[in-house]
Structures are given as C-alpha cells and as structure tokens.
Amino acid sequence: MRSLVWFRRDLRVTDNSALAHAAERSTDGVVGLFILTPGQWRLHDDADAKVHFWLQNLQSLSQSLAALNIPLRVVSCDKFDQVPKLVCQSVSQFGCGDVYFNAEYEVNERSRDAQVTDALQSQSIQVHASDDRVIVRPGKIKTKEDRPYQVFTPYRRVWDTLACDDMTPLAIPPKQPKVDLKASKIPTELAGFDFSAARPDLWPAGEAEVDKRLAKFKAKIGSYGTDRDIPSISGTSQLSPYLAAGVVSPRQCLAVAIGRRNGSFTIPSATGPATWVSELTWRDFYTDVMVNAPRVSMHQPFKRSTNKIRWRDDPDDFAAWCEGRTGYPIVDAGMRQLNQTGWMHNRLRMVTAMFLTKHLLIDWRWGEKYFMQKLIDGDLAANNGGWQWSASTGTDSVPYFRIFNPFSQSKRFDPDGKYITRFCPELGNVPAKALHDSKKLADSVGDPTMNYPQCIVDHKFARQRALDEFKRIGDAH
DNA sequence: TGGGGATTCCC
DNA sequence: GGAATCCCC
C-alpha cells in the first residue's frame, strides 16, 4: 500500500513519528503533503517571520525527502474548512491507501483533524495519528483524583518519571520505492504576507542548522542555568523557532541534556541541564493546560475571577509599548529586539509582558496577540501560558503582587547595559548606572537631542495602581 | 522564575 | 549610610 504523510508543524525527516511509521509500513512508496492555509494563518496571527520560516524549511524538507524518493506535494486553500476535501483529493490523486500525521493540539487544529479523519474513513482510508509534538502526551499526566495538574512542580515530578520512557530516537527512514510523482515547487512569496523584513541570516532553515545548534548548545549546557538569564550573551539554545516549526523534535532537545547510562536514560540533576529540561517541561505543561482548559486559548483567563479586572484599554500606551518607546530602557530594548529580529530573549518576554499587564494595566490578550504577530517561534500554548503567567491570570502564575521593577531587572541581568544599548543605541553614552536608576535616567534623557522618551508612567504609581486593582477584585493568593 | 518599606545593626 | 532581616503586598 502507498502511504501519505501529511506534514504540518513537523518539518523534519529525523525522529519524525508519522514519517517513520509510514515508511516502515508502506510497501508501495510514500508521498508527502503540505497544505498552505494563508487565510487561517492570518486568523491565527501567525507572524510574517514565522510563515517565511515555514516556507524556507519546506524547501529544505522537500530536498531531504527527495533523497528518500518521497516527493513533497504542496497544495493550497484559504482556511481549515477546505482542508478535508483537499486531503481526500490528494489521497485519491496520489493513489494512497492510508494517511499518517503527527497530532496538533490546538482547538481549531483538532477540529480540522477530526473532520479530515471522518472524511478519510468514510472512504475506507486508514488514518494514523501520532503524538510527537511534546514529550509527554497531553492528558496523560493526572493527579491522584484523576484531574489535570494546575501547578507546575507536582506536574514536573510525574513528568520526570515518564519523560525518558520513549527516548529511542527514530532514525531517518530508508529510501522508499520510487513514486511516479514530481515534488511541488515551494513558493517563496505568499499573498497577504510580507517577507521583506525576514532575517534568514539569524535563523537559517533546515535540519543541518539544527544539528549545528544542538551540538553548540550541548557544549555549553553546563552554564545554561545562569547564562540563560543574561540577554546580552548567547546563553540560550536558540532553538525555539526550530522547535515551534518542528524542524527539531522535543526528544532531540531532551537528548542534549540527558546522558544515557547503561542503556537507560535519566533526568539530569546538574543545574544547567536540569534547567533546560524544565523549559521543555513548561512547554509540555502549557500544552496540557490548553488541552484540558481550552478556554485559555479562546480569549479567557484560566482564573475566571480575573475577568473582573478593569484593564485600561489605552491605545497610546499600547503603541508606545509595541514600538519600544516606554522610556524604560530594558522594556524598550526587548520590544525592539522583537520588532527587529522576530525573536525576544525569554527574560525580556517576562519583563515586557509584566510591564504591559501591570505597569500599564493593559489587557494581556493585547500583548499575547502582538507577540504572536511578531514571533518567529510563536506557539499558542506557550505564548498564552507565558502571558497568563505574567498577568497573574493563569495556572500557577506569578502572584499579582510580585511585580518586576524594570530597573532592578536590568541591573541584575544587564548590569553593563550591553543588551540595552544594542537595541537602544541612542542610550550609548548614558552611564550604565543611569540605565538602572529612574532619577539618573531622567536627568540623562532630559537632553532632547538624545531623542529618548521620559518614562511613560512612574514605577511606584503604576505598581500601586495594579496592586489596588487586583486587590479590588479580591483575588486572594 | 520579587519588590518595597521599615527596622535593626553595624560601621 | 549601607547591609541584613522581616513583613506585607
């Protein structure tokens, strides 16, 4: 039987469950399929940078598949509602008897896949879905009362006991029997998307690049625990866009940190690798939260009581935040990094998100949407989880009274101002000390030729305003 | 995966 | 005046 592998956000040939299973079982060749759905991507606020990255990686995937005699066919429709018809058409056109794909867990994606599965099964086509996007399948980890965890730490304790169960990496499949089909040409432009600001220099596509990054990261993972918090250096893995697009599997990421001992894997205890594993666990945790409480991905807070918060819908303050001109150097540097590169250091994601939701008291959904529209690594579950953490509306989120002081944050994590001045060059001549001190900074930027704004809001005032509002809704912690 | 303010203690 | 500590938010 000939098999169809439907690629979505798993743009790789290494350690790809759907591809490996299809190759193992098919006897008459394998065909790859990818469906462009630009209208749906716009609805989902997928960033220009991310869609560009997908297309670049599709090109690379197509070449890797061609070497295995697997032609990658690319078809297009506007939104998910037309996908079932398109998959059925492709299956019959390519002469395939079954379909393999790796599950996606978002609401719209799950409903799409259910419809596709129904449509295929009604035509006696077998459907094989694999759980491949996270390390521990969502819904698998439950409390003793058979309920999903709402707190990260106990979730992680269980996760640790399961994470290494299925660590045998899947090899790249062997060459398949030839199929009389040509691979599609991958588009380099897409109507409705603007790729002019894409930065392929920062994020080269393809699995060869992943291998390089994995090796590089493995060599320095020992100091990841501390280095990852310093945004001026390359202390993080720089893998997130690849993980979001599935150019690397979460198991490959886990394998960097865990040593194989006597043929079995164990979760590391050393700070660096353990912190990295934690980050992978957060990714699984937030996916699990989204599946168990889909409302979080439908513009609802996890903590329903926070619906009573009167967010300030101030478009001017929001624009200043988006554009990186709040007058808080660390916040502005973070936002400008996002705008210029499509990526933001994790420490800055927390600082900027908390600034928007607490200092400006602007609705976390506005920030969540803006991040998605800009991030090359945007992932619904992780982005939503992070925003609800910062806004104190989520599961196991930061207590509302724990409000980052942007000046203390930059003093701790960017003491010499190296990161700040990289993205705010107009502050290049301001002494580092003044970058972390509101009064000294106000004196420095009092010079209008510097062209850097005064603080948009006073820290002390803003902090109290947020505390008062959260106290008002009586959300006890 | 804190910060602010008050107090105390020390220099 | 500054570091350490404690309490509250």
Side-chain angles (χ1 to χ4, degrees), chain A residues 149-157 159-160 221 223-231 233 235-237 240 257 270-286 289 302-303 305-306 309 328 330-331 334 344-361 364 367 371 381-415 419 433 436-441 455 457-477:
Chain A
Y149 280 100
Q150 297 184 13
V151 181
F152 176 75
T153 309
Y155 172 88
R156 164 141 201 204
R157 256 193 285 279
W159 188 92
D160 277 359
I221 197 171
S223 50
Y224 176 73
T226 49
D227 286 358
R228 75 188 191 112
D229 264 329
I230 306 170
I233 65 174
T236 64
S237 72
S240 59
T271 312
T275 305
W276 170 242
V277 174
S278 257
E279 293 305 307
L280 295 171
T281 315
W282 275 107
R283 185 171 171 276
D284 280 20
F285 177 66
Y286 281 142
V289 167
F302 185 85
K303 282 185 193 150
S305 62
T306 61
I309 291 170
Y328 283 82
I330 193 69
V331 173
M344 197 198 300
H345 189 278
N346 184 57
R347 169 58 51 182
L348 278 302
R349 296 192 195 196
M350 295 192 281
V351 169
T352 56
M354 192 166 291
F355 187 83
L356 183 77
T357 56
K358 302 291 170 62
H359 287 80
L360 299 182
L361 202 63
W364 56 272
F371 268 28
N383 189 49
N384 180 271
W387 272 96
Q388 296 218 40
W389 181 87
S390 299
S392 306
T393 65
T395 62
D396 200 18
S397 52
V398 64
Y400 74 87
F401 48 81
R402 221 152 76 186
I403 297 169
F404 286 179
N405 179 332
F407 291 114
S408 318
Q409 288 288 313
S410 63
K411 192 175 182 178
R412 264 178 78 183
F413 301 115
D414 192 32
Y419 175 82
K433 264 192 173 172
H436 316 304
D437 183 294
S438 79
K439 274 185 87 81
K440 289 193 181 103
L441 182 68
C455 288
V457 66
D458 174 64
H459 167 69
K460 197 173 163 184
F461 163 80
R463 176 175 178 274
Q464 196 56 50
R465 180 172 63 184
L467 289 175
D468 289 346
E469 182 58 14
F470 272 87
K471 252 185 289 182
R472 188 188 66 77
I473 70 160
D475 192 37
H477 289 268

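Within every chain, numbering begins at 1; the chains are lettered A, B, ... in the order of the sequence lines, protein sequences first and strands thereafter. Because the structure is a prediction, the values reported are computed rather than measured.
For A:A257, the side-chain contact (heavy atoms from CB on, under 4.5 Å) partners two or more places apart in sequence, or in a different chain, are A:I221, A:P268, A:P273, A:W276, A:V277. Remark: A:Q409 engages A:R347, A:V351, A:F404, A:F413 in a side-chain contact (heavy atoms from CB on, under 4.5 Å) (not counting sequence neighbours). Residues satisfying the side-chain contact (heavy atoms from CB on, under 4.5 Å) criterion with A:A274, sequence neighbours excluded, are absent altogether. With sequence neighbours left out, A:S240 forms a side-chain hydrogen bond (donor to acceptor under 3.5 Å, both in side chains) with A:W343, A:D377. Taking the side-chain hydrogen bond (donor to acceptor under 3.5 Å, both in side chains) definition, one finds that A:H436 meets it with A:S410, sequence neighbours left out. Residues meeting the ring pair (Phe, Tyr, Trp, His ring centres under 6.0 Å) test with A:Y149, sequence neighbours left out: none. When the side-chain contact (heavy atoms from CB on, under 4.5 Å) test is applied to A:R402, the partners found at least two apart in sequence or on another chain are A:V398, A:P399. Looking at residues two or more places apart in sequence or on another chain, you find a side-chain hydrogen bond (donor to acceptor under 3.5 Å, both in side chains) between A:D160 and A:R156. Annotation: side-chain hydrogen bond (donor to acceptor under 3.5 Å, both in side chains) contacts of A:D284 (sequence neighbours excluded): A:W159.
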Check nucleotides 3-9 of chain C for protein N or O atoms closer than 3.5 Å to its own N or O atoms and list the pairs.
| from | atom 1 | to | atom 2 | distance (Å) |
| --- | --- | --- | --- | --- |
| C:dC9 | O3' | A:K471 | NZ | 3.2 |

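Between A:F401 and A:F470, the gap from one ring centroid to the other reaches at least 6.0 Å.
First and last contacting nucleotides of DNA chain B toward chain A (any atom under 4.0 angstrom from a heavy atom, 5' to 3' order): B:dT1 to B:dG5.
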task = Determine which bases of DNA chain B form Watson-Crick or G-U wobble pairs with both distances under 3.5 Å, and write the result as a 5' to 3' dot-bracket string with | for other-strand partners.
result = .|||||||||.

